[in-house]
Amino acid sequence: MSDTKPLGAQISHMLKDRGVDVIFGIPGVHNQEMYRGIEEAGIRHILARHEQGAGFMADGYARATGKPGVAYVITGPGLCNIMTPMAQAFSDSVSMLVLSSCLDETAARRGQLHQMLDQEAAAGSVCDWSYQANTAEAAYNLIDRAILEFQTHRPRSKHIQVPIAQLEGLADPAPRRPVGLAEAVGAYSADLRPLAEELSKASKPLFVIGGGAAEAGADIASVLEACGAACFETYAGRGIVPWDYPFNFGAALARPSSAQIVAQADCVVAIGTELAEVDLWRAHLGHLCPLYRIDIDPECLADTQRAELAILARAEEAMASLRSLMADSRSQWQAGSVADQRELWRGEIAAERPGIIAIAEALHAVIPDDAMIYSDMTQFAYVANEIWPMTRAKHWHHPSGFGTLGYALPAAIGGAVARPGKPTLAIAGDYGFQYSVQELGTAVELGQPLPIILWDNGRLKEIEDSMRSAQIAPNAVIAKNPNFLELARAYGADASAPETLVQMQEAVTAAFDSDRPKLIYLSPNILS
């Protein structure tokens, strides 16, 4: 019997063969052929309430598993709705593959359902690449290319669109999965001896550790201890180096005075980080000595920070090699001085956003060590990003790069799908939560024990503070909020409004053992 099927169905079978077990999305008349093969292939489909939610779920799933997060969307509005998650995944180096339908002809026809002037180009403006597959062979090749690049390059979102007639047309199965190709690409060959020599001579070596170094944690710790190096973490890099390592300055690069610390170093190594604006909030890291960079992205290695030595390599390979070359040296960093500096920054944080540290620390006290946290753009998360003592890498995910609102809830849903039986937590602000509140329906449908911390300060507080600092009278920063507790219950979720920190802790603990998500409503009044 022939294995010929409509191409839409063959794509699902191909994805299953390539290791894809879950697809997030929303079906429509244009992409329904992509749904023909989902169950037949044995893939689980998660129905989002909005394509933006589907994209963030795919993002959260990818961050939790290290596997590609895959989404199916329709032509036109479906693709437009998922472009914000695509941009977030691009900026935060997340493996997201979006497959959409598209119209067969757009140049000679107008007024078609879901028509855009140039859908392929629109998607291409927010992701690594966007291509149209006009044949089955092209679709298969592009899917394999995307998966291979996720494994061998800096992971970033990609988009493939297939014309409706092609999805409906019969096609032979995709070729079997290539074997061994990823391992053969980008073989490591850099010479780390010059860097090892500089670190051995340095009296104040300093590492800047980004999320791209997560797989190299043990070797990084060994190198730091061998040469007595101090370190900074980016927000994405938290948990790679032990929080209590005595020369760890923490996730404080955004503090202006961190530039003065960097200036004290006589050898700086940046590993797995862009040193981007959202890491530094200044144009220059602040180093006055040679900068050595280790990254898999040539664009980062050639940026305006101008590395003395640029090493194109995976962090885990480079650090294993570097550790074998290191000789112990004596560092002049003082643990007491590092601790004093961290305490000074803690005071700054407390003054800038009063009260939040106490709430965050009470929350941390009852969160399981293996909990995975997804946060939104909210002041509660901004504080926690700096002071939360992370013990595991890649266990707090924040939309740093693109900085979109509405990320936390759907991303946490995707993360919970990826880690059944393991604790997942979402943290959102009152305004951003309303960008994707409808995804509560998805979490309820899935029966997820998902605590959702909702921080309600009654306004766009970060924007209000920024306006005041710029001597602008605050404008359009207050909106009428719904009754969040009743809204959550209307979706079938549990909800509570703790009046004390102890009650908050009890609510969070109970939520992890529930059979549904629970909204835990917090306001600054909890401290009064």
Side-chain angles (χ1 to χ4, degrees), residues 63 66 88-95 128 153-156 190 192 195 198-199 205-221 223-224 229-243 245 247-256 258-259 261-263 265 267-287 289-320 322 385-386 390 392-403:
R63 296 192 199 216
Q88 188 66 62
F90 176 85
S91 65
D92 284 357
S93 304
V94 178
S95 301
D128 189 20
H153 293 63
R154 181 179 180 181
R156 283 180 147 166
L192 272 295
L195 176 55
E198 289 301 315
L199 287 171
L206 177 70
F207 279 61
V208 179
I209 300 165
E215 304 302 323
D219 285 318
I220 289 176
V223 170
L224 293 179
C231 68
F232 280 94
E233 308 158 312
T234 68
Y235 296 146
R238 293 178 300 153
I240 297 174
V241 174
W243 176 258
Y245 173 64
F247 302 145
N248 185 356
F249 283 103
L253 283 170
R255 295 276 136 196
S258 69
I261 305 297
V262 175
C267 179
V268 176
V269 181
I271 179 168
T273 172
E274 282 185 280
L275 299 178
E277 176 182 291
V278 293
D279 295 319
L280 308 177
W281 294 109
R282 56 182 180 269
H284 191 262
L285 178 61
H287 56 287
C289 63
L291 171 66
Y292 299 84
R293 297 193 65 175
I294 301 170
D295 210 284
I296 61 171
D297 187 352
E299 183 178 350
C300 290
L301 297 176
D303 67 13
T304 55
Q305 299 290 344
R306 291 299 174 194
E308 181 81 12
L309 176 64
I311 301 167
L312 184 64
R314 292 189 177 278
E316 55 269 33
E317 296 168 336
M319 296 308 294
L322 184 61
N385 275 332
E386 293 195 69
M390 293 294 296
R392 301 189 183 203
K394 291 187 175 181
H395 273 62
W396 187 305
H397 305 291
H398 185 74
S400 296
F402 202 52

Under 4.5 Å between any side-chain heavy atoms of Gln305 and Leu280, yes or no? yes
For Cys231 and Val241, which heavy atoms make the closest approach, and how far apart are they? SG-CG1, 4.0 Å
Taking the side chain from Arg282 and the backbone from Leu253, do they hold a donor-acceptor pair closer than 3.5 Å? yes
So, for Trp243 and Met390, which heavy atoms are closest and what is the spacing to 0.1 Å? CB-O, 3.8 Å
Got a second to check how far His287's NE2 is from Cys267's SG, nearest 0.5 Å? 11.0 Å
Output the distance between atom CD1 (Ile220) and atom CZ (Phe207), rounded to the nearest 0.5 Å. 8.0 Å
Do the side chains of Arg63 and Asp92 get nearer than 4.5 Å, heavy atoms only? yes
Would you compute the distance between atom CG of Leu192 and atom CD1 of Ile294 and round it to the nearest 0.5 angstrom? 6.0 Å
Closest heavy-atom pair, Asn385 versus Trp396, reported as atoms and distance to 0.1 Å, is OD1-NE1, 3.5 Å
Candidate pair Glu316 and Asp219, rule side chain to side chain contact (heavy atoms under 4.5 Å, CB included), full reasoning: CA-CA 7 Å; Glu316 55 269 33; Asp219 285 318; 5.8 Å; no
Side chain of Thr234, backbone of Asp279: donor and acceptor closer than 3.5 Å? no
Counting only N and O atoms by type, is there a donor-acceptor contact under 3.5 Å from the side chain of Glu233 to the main-chain atoms of Gly210? no
Between Ser400 and Val278, what is the shortest heavy-atom contact and its length? O-CG1, 3.6 Å
Let me confirm one number: the CZ-OG1 distance from Phe232 to Thr273, rounded to the nearest 0.5 Å. 12.5 Å
Mind running salt bridge (Lys or Arg N to Asp or Glu O under 4.0 Å) on Arg156 and Asp128 for me, showing each step along the way? CA-CA 6 Å; Arg156 283 180 147 166; Asp128 189 20; 5.8 Å; no
If you measure from CD1 on Ile240 to NZ on Lys394, what distance do you get to the nearest 0.5 Å? 8.0 Å
Going through the distances and angles, do Asp303 and Arg293 end up as a side chain to side chain contact (heavy atoms under 4.5 Å, CB included)? CA-CA 11 Å; Asp303 67 13; Arg293 297 193 65 175; 2.8 Å; yes
With a 4.5 Å heavy-atom cut-off, do Asn248 and Pro242 have their side chains touching? no
Side-chain contact test, heavy atoms from C-beta onward, threshold under 4.5 Å: evaluate it for Val269 versus Leu322 and give yes or no. no
On a heavy-atom basis, the closest approach of Leu275 and Ala270 is CD1-CB, 4.0 Å
Any side-chain to backbone donor/acceptor pair from Asp295 onto Asp297? Under 3.5 Å, distance only. yes
Nearest-0.5 Å distance, CD1 of residue Ile296 to CD1 of residue Ile311: 14.5 Å
Within a strict 4.5 Å, meaning less than it, do heavy atoms of the Glu386 and Tyr235 side chains meet? yes
Minimum heavy-atom separation for Phe249 to Ala230, with atom names? CE1-CB, 3.7 Å
Salt bridge or not between Arg154 and Glu299? Use side-chain N to carboxylate O under 4.0 Å. no
